[in-house]
K.L.:
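This is the structure, below, for whatever I ask next.
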2 protein chains.
Amino acid sequence: MKKDDLLKLDNQLCFSVYALSREITKLYRPLLDELGVTYPQYLVLLVLWEEESSTVKHLGERLYLDSGTLTPMLKRMEIAGLLRRDRDKEDERTVRISLTEKGEKLRANAYCIPESLLKRLGSEEQEVDRLLATLRGMIQQVQQQIPN
Amino acid sequence: MKKDDLLKLDNQLCFSVYALSREITKLYRPLLDELGVTYPQYLVLLVLWEEESSTVKHLGERLYLDSGTLTPMLKRMEIAGLLRRDRDKEDERTVRISLTEKGEKLRANAYCIPESLLKRLGSEEQEVDRLLATLRGMIQQVQQQIPN
DNA sequence: TACAATTTAATTTTACACAATTTAATTTGA
DNA sequence: TCAAATTAAATTGTGTAAAATTAAATTGTA
């Protein structure tokens with residue numbers, strides 16, 4: 001790549017990833033509105049649908065989000081009746097997160113969300129899996145310790 | 001894919017894209033801090049470094065951002081001395097955006113930013129180009145009119 | 001045992017994102 | 001020509017993100 005091209009917007013991997021992420025969020029929004037949740041809340045629910053119970057720390061690890069983002073989000077989800085936040089008795093720093101019935105029930109109506117993207121892409125499952133693996137590998141690479 | 005797997009976080013393309021985008025932003029942050037700009041401001045600058053002059057509308061088209069996001073951002077960049085915002089005399093709805101000398105000078109120190117990602121990924125240029133093309137195609141696919 | 005170090009979540013601050021709405025300017029069509 | 005429709009940017013309101021900081025709890029070590 002010529003040096004001049006290095007700073008062209010269309011050559012920025014970061015921008016394509018960023019823009020795609022936002023476009024997917026936008027695609028999902030009307031469907032998520034029907035569920036009554038925002039996109040990051042949907043991601044929280046995905047984790048909780050997989051696991052009986054979680055903690056703020058664990059959700060943060062799975063979603064690469066810190067408690068600055070999670071705490072207000074979880075509070076709003078608690079207020080909305082989707083989950084409960086309980087201080088762990090054995091270690092009071094830890095806050096356990098568990099779904100309510102209401103939160104669990106939402107799962108049944110959530111299949112349309114990933115399906116909408118797969119339909120839009122019209123790709124073979126294999127292609128999607130390969131891309132997923134690529135992206136996950138990249139996340140690990142980017143997350144590596146900064147040598148500075 | 002089994003129906004049950006459809007809602008697993010690790011199978012969500014949307015999450016991988018979202019997480020990667022945020023990790024790249026995080027990687028860039030210290031470098032951008034030295035330039036004195038945020039990541040979205042960096043994207044604005046990339047467009048302006050390519051073009052003599054732009055408008056809020058055009059920046060929005062290139063970056064898929066609306067004026068709710070752009071206007072405050074551009075205002076802060078104007079205050080920081082990076083660019084100017086001028087009402088177009090022929091169509092007063094239009095606001096022209098142009099770089100100051102200070103804004104232009106930043107370009108020379110910006111090469112390290114995309115380079116940091118390429119170095120972290122250690123990929124061949126061809127691989128990156130192919131991935132870029134894939135992601136750009138996906139953006140178009142997701143952006144297509146909603147058939148509802 | 002006492003205290004320093006570390007951990008967990010909460011809080012504070014700043015900057016986005018985006019839907020909805022508003023304001024002002026321009027274009028369109030009768 | 002003029003009102004209706006459309007456009008461009010600004011504003012409003014809500015919800016993230018993330019760095020920095022704080023408060024409380026727990027762990028590690030002398």
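Proteins come first, then strands; the chains are lettered A, B, ... in the order of their sequence lines, and each starts at number 1.
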K.L.:
To the nearest angstrom, how far is Arg93(A) atom CZ from dT6(C) atom P?
P.N.:
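Going from Arg93(A) (CZ) to dT6(C) (P), I get 13 Å.
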K.L.:
Taking atom P of dA24(C) as reference, at what distance in whole Å does atom CG of Asp88(B) sit?
P.N.:
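One finds 19 Å between P of dA24(C) and CG of Asp88(B), rounded.
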K.L.:
Heavy-atom distance under 4.5 Å between the side chains of Glu127(B) and Leu131(B), does that happen here?
P.N.:
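Not in contact.
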K.L.:
Determine the interplanar angle of the Tyr64(B) and Phe15(A) rings, folded into 0 to 90°, and report it as parallel if under 30°, tilted if 30 to 60°, perpendicular if over 60°.
P.N.:
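Geometry flag for Phe15(A) against Tyr64(B): parallel rings.
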K.L.:
Tell me, with the steps shown, if Arg85(B) and Glu78(B) meet salt bridge (Lys or Arg N to Asp or Glu O under 4.0 Å).
P.N.:
CA-CA 7 Å; Arg85(B) 291 163 58 248; Glu78(B) 186 178 34; 3.1 Å; yes
K.L.:
Mapping Leu70(B) and Glu92(A) to their closest nucleotides on DNA chain D, which lands nearer the 5' end?
P.N.:
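Between the two, 5'-proximity favours Leu70(B).
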K.L.:
Would the number of heavy atoms belonging to other residues, nucleotides or ligands and lying under 6.0 Å from CZ of Arg84(B) be above 12?
P.N.:
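Not more than 12 within 6.0 Å, no.
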K.L.:
How long is the straight-line distance from NZ of Lys57(B) back to CZ of Arg93(B), given to the nearest 0.5 Å?
P.N.:
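The CZ atom of Arg93(B) sits 8.5 Å away from the NZ atom of Lys57(B).
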K.L.:
Looking only at heavy atoms, what is the nearest atom pair of Gln12(A) and Tyr42(B), with distance?
P.N.:
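That would be OE1-OH, 3.6 Å.
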K.L.:
Heavy atom of residues 47-61 of chain B under 4.0 Å from DNA chain C: which residues?
P.N.:
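Residues of residues 47-61 of chain B that come under 4.0 Å of DNA chain C do not exist, since none gets that close.
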K.L.:
Reckon Arg87(A) has a side-chain N or O less than 4.0 Å from the OP1 or OP2 of dT8(C)?
P.N.:
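Result: no.
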K.L.:
Considering only heavy atoms of chain B and a distance under 4.0 Å, specify the first and last nucleotide of DNA chain D in 5' to 3' order that meet this criterion.
P.N.:
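In short, chain B contacts DNA chain D from dT7(D) to dA19(D).
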K.L.:
Please test Asp91(B) against Arg96(B) for salt bridge (Lys or Arg N to Asp or Glu O under 4.0 Å), starting from the C-alpha separation and ending with a verdict.
P.N.:
CA-CA 10 Å; Asp91(B) 181 349; Arg96(B) 303 210 73 82; over 6 Å; no
K.L.:
Shortest non-hydrogen contact from Ser16(B) to Arg136(A)?
P.N.:
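It is OG-CG, 3.9 Å.
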K.L.:
To the nearest 0.5 Å, what is the distance between CD (Glu61(B)) and OG (Ser54(B))?
P.N.:
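These two atoms lie 8.5 Å from each other.
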K.L.:
Look up atom CE in Met77(A) and atom CE in Met73(A), then write down how far apart they are to the nearest 0.5 Å.
P.N.:
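Rounded to the nearest 0.5 Å, the CE-CE separation comes out at 7.5 Å.
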K.L.:
For the CD atom on Gln140(A), are there more than 12 heavy atoms of other groups (residues, nucleotides or ligands in this structure) within a distance under 6.0 Å?
P.N.:
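Yes, the 6.0 Å shell around CD holds more than 12 heavy atoms from other groups.
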K.L.:
Can you give one letter per nucleotide of nucleotides 12-20 of chain C, 5' to 3': B if a protein heavy atom sits under 4.0 Å from the base, S if only from the sugar-phosphate, - if neither?
P.N.:
---SSBBB-
K.L.:
Touch check for Arg85(B), heavy atoms < 4.0 angstrom, all strands: base, sugar-phosphate only, or nothing?
P.N.:
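Sugar-phosphate contact only - Arg85(B) comes under 4.0 Å of backbone atoms but never of a base.
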K.L.:
Rounded to the Å, how far apart are Arg96(A) CZ and dA9(C) C1'?
P.N.:
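Rounded to the whole Å, the gap is 14 Å.
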